[in-house]
Structures are given as C-alpha cells and as structure tokens.
There are 2 protein chains.
Amino acid sequence: MEAVSLLQHQVEQQLRAEGDLSYVQFQLLARLATSHGRMTMTQLADGVVYSRSGLTYQAGLLEEAGLITRGRSPDDDRATLVTVTDKGRALFDRVLPGHVQVTRRMLFDPLADDELERLGDIMSRVRDHMRAQPPRSAARGNRGLGPAARAKAAPRE
Amino acid sequence: MEAVSLLQHQVEQQLRAEGDLSYVQFQLLARLATSHGRMTMTQLADGVVYSRSGLTYQAGLLEEAGLITRGRSPDDDRATLVTVTDKGRALFDRVLPGHVQVTRRMLFDPLADDELERLGDIMSRVRDHMRAQPPRSAARGNRGLGPAARAKAAPRE
DNA sequence: TATTGTTATACTCTATAACTATA
DNA sequence: TATAGTTATAGAGTATAACAATA
C-alpha cells in the first residue's frame, strides 16, 4: 500500500503540473480519448467513480475547461453522451508522455520483465475477483454504476 | 490501479463502518499501537502523510476522539510526542479483525500462496525503489517528512 | 539557520438526498 | 417502477503560507 501511495502521489503531481488534471480527470479523459465514439455518463463512470454526483461534478469541470462536451443521446433521452473535444484530446496527448515516464521510472524500472508480467497477471486476477465480489450493503438508489459503485456502503451517521 | 482502487474503497468502508476511521487515521493508529513507545509527529508522518499540516489536522481529530495524546518531548522541546491511549488501542483491536477479513477476502483469497509471496516481494522492491527516487522538485521549506514528503511538488498556481 | 509543529485559509473532492425526466 | 442524470448541500481532507519556538 505504501508503494501504491507513493506512485499515486507522483502520478498526481505530474498530471497536475503538466495538465492541471487530477487523476480521476485523467482517467475520464483517457477513457474518452481511447474509445472511438461517445460514452454515456454511466459507462464513463464505471470503475472510476463511486457516485453519480461525483461524476457529474468532474464532468462539469472538464466541460467548463473545454475538454469534453455533453449532449442528449438520440437513442435514450435520459442518457447524456459525453465526447472529447479536440482540446481534450490534445491535452491528453500532451500529458501522456510524462505519465508514461513517471510510471516507468517509479514502477516498471525496478522490475524484471517476467516480474512485471507476473504483477500484471496477479493484479488482473485480483481485479476480476473484486469486481465479482457481492456488495456488502446493496442499498437502494445506488445502482447503475457497476460493481465498484454498488459496493458503496451505508450513510455515515 | 483499478484493483487498488476497489481495495482501498472496501477497506475504507469497513474502517468507517466499524470504527469511524479514515484509512489515514487507521494507519496512524496502527503505527502507534504496533510500536512500543511514543513517536514524534515527524516519525509518525513518515510514509503516511505528505504535509505537516495534514498530520496536525489528523492528530487533532484523533486526540479529540480520545484515541491519542500529544505532549512535549523531554529530549527535544520542539518535538511533540504522540501516544496511543487505551481507548485508541481498544479501537484498533476492535477494527483490526474486520480489516484483516476484508483484505483477505478481496486481495488474498484469489491468490495462490506463491503468488501472494511474489506480490509481496515485487511491491516491497518497488517501494524501496520509489523511496530512493530523487524528488522531482526539491523545494525548500519542505523537508523532514521523509522521501515521500519531499516528493511534493510546486504550488498549484 | 535549520527544524518541529501549529494555525489560518482556501480549495478540491466526495457523497447523500431530493428532484426531474424518460423507459 | 426503474433508470439516467443533475443539483443542493454538507463535510472530510489536503496543502500552502505564515508563524512561533527550539536546536
């Protein structure tokens, strides 16, 4: 966990310094820039964010910054389709090399090839296992964000 | 990173539900409960927190909750010695089993013994490597919290 | 001069609940 | 009745800068 914390911190520093992005924002941008077309908010949220309102907030920031666009879906009038703008793509492209560099320097460099491969295998399996875990509290009004979101627990007080 | 995110989220849920603790607070408590005597704020911060004020804030919460005590160090009048109270130890003991259970269920269960061992080896080495990395911006007024803290970058604006 | 720690402050982010609108 | 998304709001947490006190 300490290694992860150090990595996350460094990654966030780089993203903030070179693109004024949080890691969550970078992930959202990466999803959109990597995918072909548009995505709904729900699709976009999956695995990145644990509440709907959290995504709305982040999407609001990204839209305000001109990195994404939101519009009604023609298929489903309830859904919002999110698209990366050229500016968004440009920012992603501008930030990505530094991100790769940090990741490499911090995580990949000290590992031998077979170790890195093994790490990937292990963590992929762990991820799949976690996604398949039944949520602890399957509270109502809290569905539609995938397994990760559904794992959200009861209110604090 | 997704696996880590899912794990962290579940761990935080458990700690919040069973002990009303954040993960940072749990880590601080764990350090103190595990160590024999008292620790200075600086020692306590190492590897857990990235700013002095952040630790002061968290220590304030823990003290207010009666989980720790802060007092002047006899050796160094600048330093603050932090001690776990009985209540703090009790809370840690109460929360720990659930923490172990979550960790086991989410992370350990899907792995074979040798895989878990390998994961430990790999991540330990990664951690050591990261700790040894030279900070990107060795800004002044930002020392004394160990390598992790020193990695802190320039102000945002 | 450097280090330890605190405080004031500003800001980011997250989450719950309530709500609108569509399927 | 369920789902998609937004809004209002409250609260937790973090970090910078300025500061006081000691080494």
Inspect the contact between B/Arg125 and B/Asp121 and indicate whether a charged nitrogen and a carboxylate oxygen are less than 4.0 angstrom apart.
no

Grab the NE2-C1' distance between A/His9 and D/dG13 for me, whole Å please.
13 Å

Rounded off to whole Å, could you give me the CE-to-P distance for the A/Met41 and C/dA21 pair?
18 Å

Whole angstrom value for the distance that separates P of C/dC11 from CD of A/Gln25
16 Å

Closest-nucleotide 5' rank along DNA chain C - winner of A/Tyr23 and B/Thr40
B/Thr40

Among residues 63-81 of chain A, which residues get a heavy atom nearer than 4.0 Å to DNA chain C?
A/Asp76, A/Asp77, A/Arg78

Between B/Gln58 and D/dT14, is there a contact of a side-chain N or O with OP1 or OP2 at under 4.0 Å?
yes

Is the phosphate of C/dT14 approached by B/Arg16 (side-chain N or O, under 4.0 Å from OP1 or OP2)?
no

Does a side-chain N or O from A/Arg52 land closer than 4.0 Å to OP1 or OP2 of C/dA15, or not?
no

Do any pairs count as a salt bridge (Lys or Arg N to Asp or Glu O under 4.0 Å) and have a residue in residues 72-83 of chain B, sequence neighbours left out, and if so which ones?
B/Asp76-B/Arg78

Categorize A/Leu61 for me: base, sugar-phosphate, or nothing, with a 4.0 angstrom heavy-atom threshold over every strand shown.
sugar-phosphate

With a 3.5 Å cut-off and heavy atoms only, can you find an N or O donor on one side and an acceptor on the other between the side chain of A/Thr42 and the base of D/dA4?
no

Which one, D/dT6, C/dC13, C/dT4, comes nearest to the side chain of A/Tyr57?
C/dC13

Sidechain-backbone polar pair: A/Thr34 side chain, A/Arg31 backbone, donor-acceptor under 3.5 Å:
no

Side chain B/Ser53 and base D/dT14 donor-acceptor under 3.5 Å:
no

Using 4.0 Å as the upper bound for N to carboxylate O, is an ion pair formed by A/Asp20 and A/Arg16?
yes

Between atom CG in A/Leu28 and atom P in C/dT12, what is the gap in whole Å?
17 Å

Can you see if the side chain of A/Gln43 gets near the phosphate of D/dA4 - specifically, an N or O under 4.0 Å from OP1 or OP2?
no

Pairwise ring-ring contact (aromatic ring centres under 6.0 Å, His included) hits with a residue in residues 54-95 of chain A, at least two apart:
A/Phe26-A/Phe92

How long is the line joining CG of B/Asp20 and P of D/dG11, in whole Å?
14 Å

Under a 3.5 Å distance rule, please check whether A/Arg38 uses its side chain to pair with a backbone N or O of A/Leu81 as donor and acceptor.
no

May I have the distance from A/Leu55 (atom CG) to C/dT12 (atom C1'), rounded to whole angstrom?
16 Å

Are any side-chain N or O atoms of A/Gln13 and backbone N or O atoms of A/Gln10, one a donor and one an acceptor, separated by less than 3.5 Å?
no

hbond_proxy A/Thr56 side chain to D/dT7 base (donor-acceptor, 3.5 Å cutoff)
no

My understanding is that only one of A/Leu44, A/Leu32, A/Thr83 makes a side chain to side chain contact (heavy atoms under 4.5 Å, CB included) with A/Ile68; could you say which?
A/Leu32

Spacing of A/Leu62 atom CG relative to C/dT12 atom P, expressed in whole Å
14 Å

Looking across every strand, which nucleic acid part, if any, lies under 4.0 Å from A/Glu12 by heavy atom: base, sugar-phosphate, or nothing?
nothing

